[in-house]
Amino acid sequence: MKQAVAATTQQDTPFDPAPYIAAVREITGAFAVARGHAPRVFVLTFGCQQNVADSEKLSGMALDMGYEPADGAEEADLILVNTCAIREHAEDKALSVIGQYKHLKDKNPALVIGVCGCMAAEEHRRAQLKKSYPYVSFVLVTSALHRLPQYLSETLTRQKRIFRADDEMTVAENVPVVRGSSYRAWVSIMYGCNNFCSYCIVPYVRGRERSREPAAVIEEVRGLVAAGYRDITLLGQNVNSYRRGAADGYEFADLLADLDRIEGDFLLRFMTSHPKDATRRLVDVMAAGRHIAHAFHLPLQSGSDRILAAMNRHYDRAKYLDILGYMRQKMPDIAVTSDVIVGFPGETEQDFEDTLSLLETARFDMIYSFIFSPRKGTPAERMPDPVPRAVQNDRFDRLLALQNDIAAGQNAPLVGRAVRVLSDGVSKNDPAFYAGRNEQNKIVFFKEPVPAGTFVNVSIDRAEAFALWGTVKEER
Ligand code: SAH
Ligand code: SF4
Ligand code: F3S
């Protein structure tokens, strides 16, 4: 954790955290006097980049209230577990970690444990946490993230456990944030999702779409560029529907074009796009941009029209391939990545082969693949013809094998070419190398020591499906 920067201005949230912040500061201040150091906060994050961005705000609010960062859960006085509910495995992992914290609470009865994020928004999980995890002090749903000061002050002053879901649908601005990096930044531009894909829990746990005002986003990004950030990713479950229905017609492509006008040496990315809403105009703005990375994450989910309809995705193969073709035509160097679900209820061998054939046509640079996981309360949970586990596993393996070949084929032509890379410093996987990412977000390894946050040109010597290796030519 590095810098504390106040995030942006504005908006109509009637909630005023000031009295709660003051109350908590009094308690953390007294703690610091008694112990000789401030109480410590540990934030553990599961799930997607939205959660990573939310955790930066949880940390920001805690530090603002007088906590200091803990190196691990063992030394923390406040633990916030930011959970994910997207698949069963994600929930199991979070519950298992929360279970392990029981012994910390036994050792330190004053320890406060809060469960935040998407799992906290599921009623049955709140009931389970309340009943079976008596050492959990509160749950905090994502739409009430900015109420952390209130929850904490109620917990600390009244020893009250809180298991309600304050899910008012506002956009809270002015929440302090502690960014995890001094050169890569996440900027949420909208929250929630309206799409109700039949397998997905997100619309239930994150609520309906609401967008931040363009001026607030532009001010935040401008501040980040001025502070030296080099790689900025705009976040939303479906950024293509940013400000959908707004009277002035200002939409995502307009925001991207406005952000691209900011002067400086930086890359602009965005996640995630929905194929039904990705427009040619957006592609045109990207192609004409100065800072917009030629990288596009466009989740496919399935290559079978029948399954896409059952998933409630509102596009078919032809539409997907149309927008993909337009991207490749306008930006031949673009890297396109995707998400695929295998083993959706009713998926036949033919449906699955349709997915394989689409992969061969689309030639993605990378995919995230998932085995279908039934989510409580979603339409797909009750759909007939579940695919047997062994068949799901077999399809998953075949999908990965094909995609590995495709990705290797996509990367091979880069050998002998120079790519611009933003260094992340010494590689975490192999300390003999430095690592970074290029504009297409591919991982590049090199031997020369290049400080994190610096752009360099790397000549590629070797390419594999998941990474590139090369030699630094010059610093830029
Ligand atoms: N909003 C993003 C996706 C968020 S979830 C989008 O629409 O692109 C990330 C990915 O998890 C999804 O794209 C999907 O491939 C996968 N996923 C979501 N629900 C799932 C489920 N119930 N089982 C398996 N994979 C799922
Ligand atoms: Fe889930 Fe679909 Fe919304 Fe993505 S677009 S978050 S997959 S409901
Ligand atoms: Fe998980 Fe919530 Fe993200 S369910 S994937 S953390 S939106």
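Ligands are counted one by one from 1 in listed order, and the atoms in each one are counted from 1 as well.
Among the backbone and side-chain atoms of Cys84, an N, O or S atom lies under 2.8 Å from atom 1 (Fe) of ligand 3. For residue Cys193, an N/O/S atom approaches atom 3 (Fe) of ligand 2 to within less than 2.8 Å.
Near Pro299, with a cut-off below 4.0 Å to any heavy atom, the atoms of ligand 1 are 8 (O). Those atoms of ligand 2 with a heavy atom of His274 less than 4.0 angstrom away are 5 (S). Taking every non-hydrogen atom of Pro203 and a distance limit under 4.0 Å, the qualifying atoms of ligand 2 come out as 8 (S). Within the listing of ligand 1, atoms 21 (C), 22 (N), 23 (N), 24 (C) sit less than 4.0 angstrom from a heavy atom of Ser373. Within the listing of ligand 2, atoms 1 (Fe), 6 (S), 7 (S), 8 (S) sit less than 4.0 angstrom from a heavy atom of Cys200. Of all atoms in ligand 2, listed by their number and element, those nearer than 4.0 Å to a heavy atom of Phe196 are 8 (S). In summary, the atoms of ligand 1 found under 4.0 Å from a heavy atom of Phe372, numbered by their order in the structure, are 23 (N), 24 (C). Counting the atoms of ligand 1 from 1 in the order shown, those under 4.0 Å from a heavy atom of Arg375 are 22 (N). Atoms of ligand 2 found under 4.0 Å from any heavy atom of Val202 (numbered from 1 in listed order, with element): 6 (S).
In this structure, atom 3 (Fe) of ligand 3 lies nearest to the protein heavy atom Cys48 SG, 2.3 Å. Of the protein's non-hydrogen atoms, the one nearest atom 7 (S) of ligand 2 is Tyr199 OH, 3.4 Å. Protein heavy atom at the shortest distance from atom 14 (C) of ligand 1 is Gln301 OE1, 3.4 Å. Ile86 CD1, 3.5 Å is the protein heavy atom nearest to atom 5 (S) of ligand 1. Nearest to atom 2 (Fe) of ligand 3 among the protein's heavy atoms is Cys118 SG, 2.2 Å. At the top of the distance list for atom 2 (Fe) of ligand 2, counting protein heavy atoms only, stands Cys197 SG, 2.3 Å. Shortest contact from atom 4 (S) of ligand 3 to any protein heavy atom: Ala85 N, 3.2 Å. Ranking protein heavy atoms by distance to atom 5 (S) of ligand 2, first place goes to Asn195 ND2, 3.4 Å.
Ligand 1 lies out of reach of Val202, whose nearest heavy atom is not under 4.0 Å from it. Under a 4.0 Å heavy-atom criterion, Val205 is not in contact with ligand 3. The closest approach between a heavy atom of Met119 and any atom of ligand 3 is not below 4.0 Å. Using a 4.0 Å heavy-atom cutoff, Gln50 is absent from the residues neighbouring ligand 3. Contact annotation: Gly117 has no heavy atom less than 4.0 Å from any atom of ligand 3. Contact analysis puts Arg313 in contact with ligand 2, with a non-hydrogen atom separation below 4.0 angstrom. Not a single heavy atom of Ile201 lies less than 4.0 angstrom from ligand 1.
Ion pairing of Asp397 with Arg395 is absent here, as no side-chain N (NZ or NE/NH1/NH2) approaches a carboxylate O to less than 4.0 Å. Between Asp284 and Arg280 there is no salt bridge, since no side-chain N of the basic residue sits under 4.0 Å from a carboxylate O of the acidic one. Between Glu349 and Arg398 there is a salt bridge, since at least one side-chain N of the basic residue sits less than 4.0 Å from a carboxylate O of the acidic one. Lys442 has no carboxylate O lying under 4.0 Å from a charged side-chain N of Glu464, or vice versa, which leaves the two without a salt bridge. A salt bridge is defined here as a Lys NZ or Arg NE, NH1 or NH2 lying under 4.0 Å from an Asp or Glu carboxylate O, and Asp254 with Arg243 fails to meet this definition. Looking at Arg375 and Glu381, no side-chain N of the basic residue comes within less than 4.0 Å of a carboxylate O on the acidic one, giving no salt bridge. Looking at Arg40 and Asp71, no side-chain N of the basic residue comes within less than 4.0 Å of a carboxylate O on the acidic one, giving no salt bridge. Classification of Arg184 and Asp231 as a salt-bridged pair holds, one side-chain N sitting under 4.0 Å from a carboxylate O. Using a cut-off of 4.0 Å between Lys/Arg side-chain N and Asp/Glu carboxylate O, Glu251 and Arg281 are scored as salt-bridged.
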Begin from the C-alpha positions of Asp351 and Thr348 and carry the test side chain to side chain donor-acceptor pair (under 3.5 Å) through to its verdict.
CA-CA 5 Å; Asp351 291 322; Thr348 62; 3.0 Å; yes
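Among all heavy-atom pairs drawn from Arg179 and Ala185, the shortest one is NH1-CB, 4.0 Å.
Checked by distance only, ligand 1 and Thr272 stay at 3.5 Å or farther apart across all their nitrogen or oxygen atoms. For Asn238, no nitrogen or oxygen atom sits less than 3.5 Å from a nitrogen or oxygen atom of ligand 1, counting backbone and side chain alike. Polar contact check, Asp339 against ligand 1: a nitrogen or oxygen pair lies under 3.5 Å apart.
Centroid-to-centroid, the aromatic rings of Tyr183 and Tyr229 stay 6.0 Å apart or farther. For His297 and Phe270, the ring centers are positioned 6.0 Å apart or more. You'll find the ring centres of Phe196 and Tyr204 inside the 6.0 Å limit.
Under 4.0 Å from ligand 1, the heavy atoms of Phe370 that appear belong solely to its side chain.
Checking Met311, Gln237, His314 against atom 6 (S) of ligand 2, the nearest heavy atom belongs to Gln237.
The side-chain contact (heavy atoms from CB on, under 4.5 Å) test with Val340 is passed by exactly one of Leu358, Ile367, Leu400, Leu356: Ile367.
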